[in-house]
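Below is one structure, written out as structure tokens; comments come after it.
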Amino acid sequence: MKGLLKNLIFILCIIFYFSSCNILENSDDPGSEQQEDIPTELLMPENLQYIGAFRLPGPDYGIKSWAWGGYALTYFPGGDTGGSDDGYPGSLFGTGHAWEYQVSEISIPVPVVSDEKNLSELNIATVIQPFSYIFDVRSLEIPRGGLAYLPKKGEQSSDKLYFCWGFHMQDGPPSLTHGWSETDLLKPDIKRGWFLGGLSDHIRNMSTNDYLFDIPSNWAKEYSSSMELGTGRFRDGGWSGQGPSIFAIAPWNDGSPPQDGSELKNIPLLLYTSTYQAGGEHHRMDNYHHSDEWSGAAWLTKGNKAAIIFAGTKGTGDCWYGDSNGPCLDCEGERGWWSTGFEGQFIFFDPSDLAAVASGDKEPWEPQPYAKLNIDKYLYHINSGRQWYHLGAIAFDREGGLLYVFEPFGDGEKPLIHVWRIVE
């Protein structure tokens with residue numbers, strides 16, 4: 001009996017030894033699945049180091065150009081494989097002229113800091129894929145749109161470009177707002193016609209369809225049911241909510257692709273009270289102005305630090321509806337929401353606040369910005385403190401720690417792209 005027991009213990013030891021070796025081998029295998037730790041510290045404004053800007057290719061006018069563009073942008077790690085030796089691998093997909101939001105892919109040249117803001121000193125991106133009509137916005141008044149690249153998910157057989165779209169006065173019944181395409185713009189195989197479910201018509205149409213960005217997979221697995229795509233919109237006047245919004249979605253889990261007219265499952269992570277709400281308590285972002293414009297969003301990470309940032313034009317001082325001279329309802333010209341001054345800003349949100357929302361420990365209107373960064377000193381076209389449209393869309397290269405930001409009209413009618421490096 002003792003001999004049998006000794007043999008059993010010996011066999012168990014052998015099994016444990018080889019199992020341990022196998023675990024160690026797998027942990028060293030770069031292809032094995034390893035879950036990185038979720039960052040626990042906050043990225044601060046001083047962690048963003050400005051490294052310069054670059055210009056966009058011609059032509060300088062027309063629907064198939066960058067003129068009047070710059071309102072959707074995403075980073076593509078698989079692009080421009082021949083340019084990886086310059087320190088800026090990958091490429092960017094972005095939208096051109098705002099009438100049609102046609103999409104083009106460009107290379108990323110080395111950014112340049114021009115002390116005199118001399119455009120001729122900046123490098124120019126090259127065209128990888130020419131403009132292609134992905135968004136169906138030709139008939140829409142003042143369209144909106146967002147882009148985000150994600151590697152293949154679920155049952156997908158290829159990587160995708162996700163997109164969303166909307167328009168200025170988007171009230172009424174549910175609108176179809178989301179879709180995806182292939183990264184090959186000559187053969188995009190567009191799938192579209194979905195919207196976020198479980199929301200009122202107004203919130204669904206006004207708060208979900210202007211910017212898109214990837215959510216780190218480790219955070220999404222822990223807090224948002226592996227929904228790795230963030231979507232949202234800010235609409236001036238507080239119609240979308242009195243501050244920017246974020247919803248987590250995963251269209252690949254609703255079908256491959258979802259059927260036309262599908263309601264996408266979603267988790268609200270950030271949503272303030274809309275001015276459409278009558279009565280009750282209104283919740284708003286700190287220092288909110290009806291004249292604010294939040295045009296881009298990204299989830300930044302670097303080592304053990306992280307932040308969700310919004311980029312846009314922030315109203316300061318007093319706020320009113322009218323023109324630049326003061327309140328009015330029948331004034332002509334640039335009528336709309338105005339403030340005493342405007343700044344190009346990044347505002348920073350704490351990912352742990354959004355985790356608390358996803359877990360049900362906070363309401364979507366409770367998170368507030370913990371920091372801000374005025375970046376007007378880097379911009380080329382700002383010549384007045386009363387100027388609208390300081391910033392457009394943004395994109396983040398997570399592997400390289402590089403943040404790309406559109407500046408509308410930085411190069412005549414074309415935008416510039418500014419670049420920040422995330423440093424610890």
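Computation of the quantities below employed the complete heavy-atom set of this structure, encompassing side-chain atoms and omitting hydrogens, waters and symmetry-equivalent molecules. If you read the sequence from its start, that first residue is 1, and numbering goes on from there.
For R55 and D411, the salt-bridge test passes: some basic side-chain N is under 4.0 Å from an acidic carboxylate O. A salt bridge links D292 to K314: one of the charged nitrogens lies within less than 4.0 Å of a carboxylate oxygen. A salt bridge links E228 to K153: one of the charged nitrogens lies within less than 4.0 Å of a carboxylate oxygen. Ion pairing of R138 with E100 is present here, as a side-chain N (NZ or NE/NH1/NH2) and a carboxylate O approach within less than 4.0 Å. A salt bridge does not link D210 to R235: none of the charged nitrogens lies less than 4.0 Å from a carboxylate oxygen. Between R204 and D201, at least one side-chain N (NZ, or NE/NH1/NH2) sits under 4.0 Å from a carboxylate O, which counts as a salt bridge.
Between L300 and the options N47, I394, L403, a side chain to side chain contact (heavy atoms under 4.5 Å, CB included) holds for only L403. Test F310, W294, F396 against Y211 for ring pair (Phe, Tyr, Trp, His ring centres under 6.0 Å) and you get one pass: F310. Applying ring pair (Phe, Tyr, Trp, His ring centres under 6.0 Å) to W180 and the options F163, Y162, Y149, W252 leaves one that passes, Y162. Test Y404, Y380, Y50 against H418 for side chain to side chain donor-acceptor pair (under 3.5 Å) and you get one pass: Y50. Tested against I106 for a side chain to side chain contact (heavy atoms under 4.5 Å, CB included), the candidates D80, I417, I124 yield a single pass: I417.
Counting heavy atoms of neighbouring residues, nucleotides and ligands inside a 6.0 Å radius, atom CH2 of W68 does not exceed 12 of them. When the shell of 6.0 Å around CH2 of W99 is examined, it contains 12 or fewer heavy atoms from other residues, nucleotides or ligands. Within a 6.0 Å sphere centred on CD of E46, other residues, nucleotides and ligands contribute more than 12 heavy atoms. In the displayed structure, Y370 atom OH is contacted under 6.0 Å by more than 12 heavy atoms of other residues, nucleotides or ligands. Heavy-atom contacts from other residues, nucleotides or ligands closer than 6.0 Å to CD of E399 number 12 or fewer.
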Assess whether salt bridge (Lys or Arg N to Asp or Glu O under 4.0 Å) is satisfied between D214 and R398, documenting all intermediate values. CA-CA 10 Å; D214 68 295; R398 194 170 306 284; 2.9 Å; yes
Check the pair T273 / Q242 against side-chain hydrogen bond (donor to acceptor under 3.5 Å, both in side chains), numbers first and verdict last. CA-CA 6 Å; T273 309; Q242 295 169 82; 5.2 Å; no
Pair D376, H390 - check side-chain hydrogen bond (donor to acceptor under 3.5 Å, both in side chains), show working. CA-CA 8 Å; D376 278 347; H390 290 222; 2.8 Å; yes
Residues L92, T74; criterion side-chain contact (heavy atoms from CB on, under 4.5 Å); working and verdict: CA-CA 6 Å; L92 294 168; T74 190; over 6 Å; no
Under the criterion side-chain contact (heavy atoms from CB on, under 4.5 Å), I'd like the reasoning laid out for L147 against T95: C-alpha separation, chi angles, the key distance, then a yes or no. CA-CA 9 Å; L147 285 171; T95 55; 4.1 Å; yes
Go through K191 and D189 one step at a time and tell me if the salt bridge (Lys or Arg N to Asp or Glu O under 4.0 Å) criterion holds. CA-CA 7 Å; K191 308 297 183 184; D189 191 22; 3.4 Å; yes
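Residues S339 and H289 have side chains that bring a donor and an acceptor to within less than 3.5 angstrom of each other. Residues S107 and T126 bring a donor and an acceptor atom of their side chains to less than 3.5 Å of each other. Checked by atom type, the side-chain pair S120/N118 shows a donor-acceptor distance below 3.5 Å. For the residue pair Q102 and H97, no side-chain donor N or O sits within less than 3.5 Å of a side-chain acceptor on the partner. For the residue pair S158 and E182, a side-chain donor N or O sits within less than 3.5 Å of a side-chain acceptor on the partner. No side-chain N or O of H290 forms a donor-acceptor pair with one of D236 less than 3.5 Å apart. Looking only at atom types and distance, the side chain of E141 has no donor-acceptor partner in the side chain of H168 under 3.5 Å away. For Y276 and D171, the side-chain atoms include at least one donor-acceptor pair closer than 3.5 Å.
The distance from the CG atom of L43 to the CD1 atom of I309 is 9.0 Å, given to the nearest 0.5 Å. Here CE of M206 is found 14.0 Å from CG of L199. Values are rounded to the nearest 0.5 Å. Atom CG of L150 is separated from atom CZ of F76 by 11.5 Å, given to the nearest 0.5 angstrom.
Side-chain atoms of Q170 come within 3.5 Å of backbone N or O of F167 as a donor-acceptor pair. Counting only distance, with no hydrogens or angles, the side chain of D397 and the backbone of P77 share no donor-acceptor pair below 3.5 Å. The backbone N or O of W194 lies less than 3.5 Å from no partner atom in the side chain of S262, so there is not a single donor-acceptor pair. Using modelled atom types, no side-chain atom of E121 and backbone atom of K117 make a donor-acceptor pair closer than 3.5 Å. With hydrogens and angles ignored, the 3.5 Å screen pairs no side-chain donor or acceptor of T177 with any backbone N or O of W165. Side-chain N or O atoms of K302 include none that pairs as donor or acceptor with a backbone N or O of G401 at under 3.5 Å. Looking only at distances, a side-chain donor or acceptor of N123 sits under 3.5 Å from a matching main-chain atom of V110. Judged by distance alone, the side chain of S224 and the main-chain N or O of M227 form a donor-acceptor pair under 3.5 Å. Put simply, the side chain of K160 never gets that close to the backbone of T183: no donor and acceptor are under 3.5 Å apart. Proximity of a side-chain donor or acceptor of H381 to a complementary backbone N or O of P415 within less than 3.5 Å is not detected.
Ring-centre distance between W338 and Y321: not below the 6.0 Å cut-off.
Heavy-atom minimum distance, I108 versus P89: CD1-O, 3.9 Å. The minimum heavy-atom distance between E413 and D60, with the atom names listed, is OE1-O, 4.2 Å. For the pair A306 and T301, the tightest heavy-atom approach, listed with the atom from each and the gap, is CB-CG2, 4.0 Å. Listed here is the closest heavy atom pair of S175 and N205: N-OD1, 3.0 Å. Scanning both residues, P143 and Y101, for their nearest heavy atoms gives O-OH, 3.1 Å. The shortest heavy-atom contact between G322 and C331 is C-SG, 3.8 Å.
No side-chain heavy atom of E334 sits less than 4.5 Å from a side-chain heavy atom of D323. With contacts defined as side-chain heavy-atom distances shorter than 4.5 Å, the pair W66/S104 qualifies. Looking at P39 and K305, their side chains never come closer than 4.5 Å, going by heavy atoms from C-beta outward. By the 4.5 Å heavy-atom criterion applied to side chains, P364 and L270 are not counted as neighbours. N218 is not listed as a side-chain neighbour of D37, based on a closest heavy-atom distance of 4.5 Å or more.
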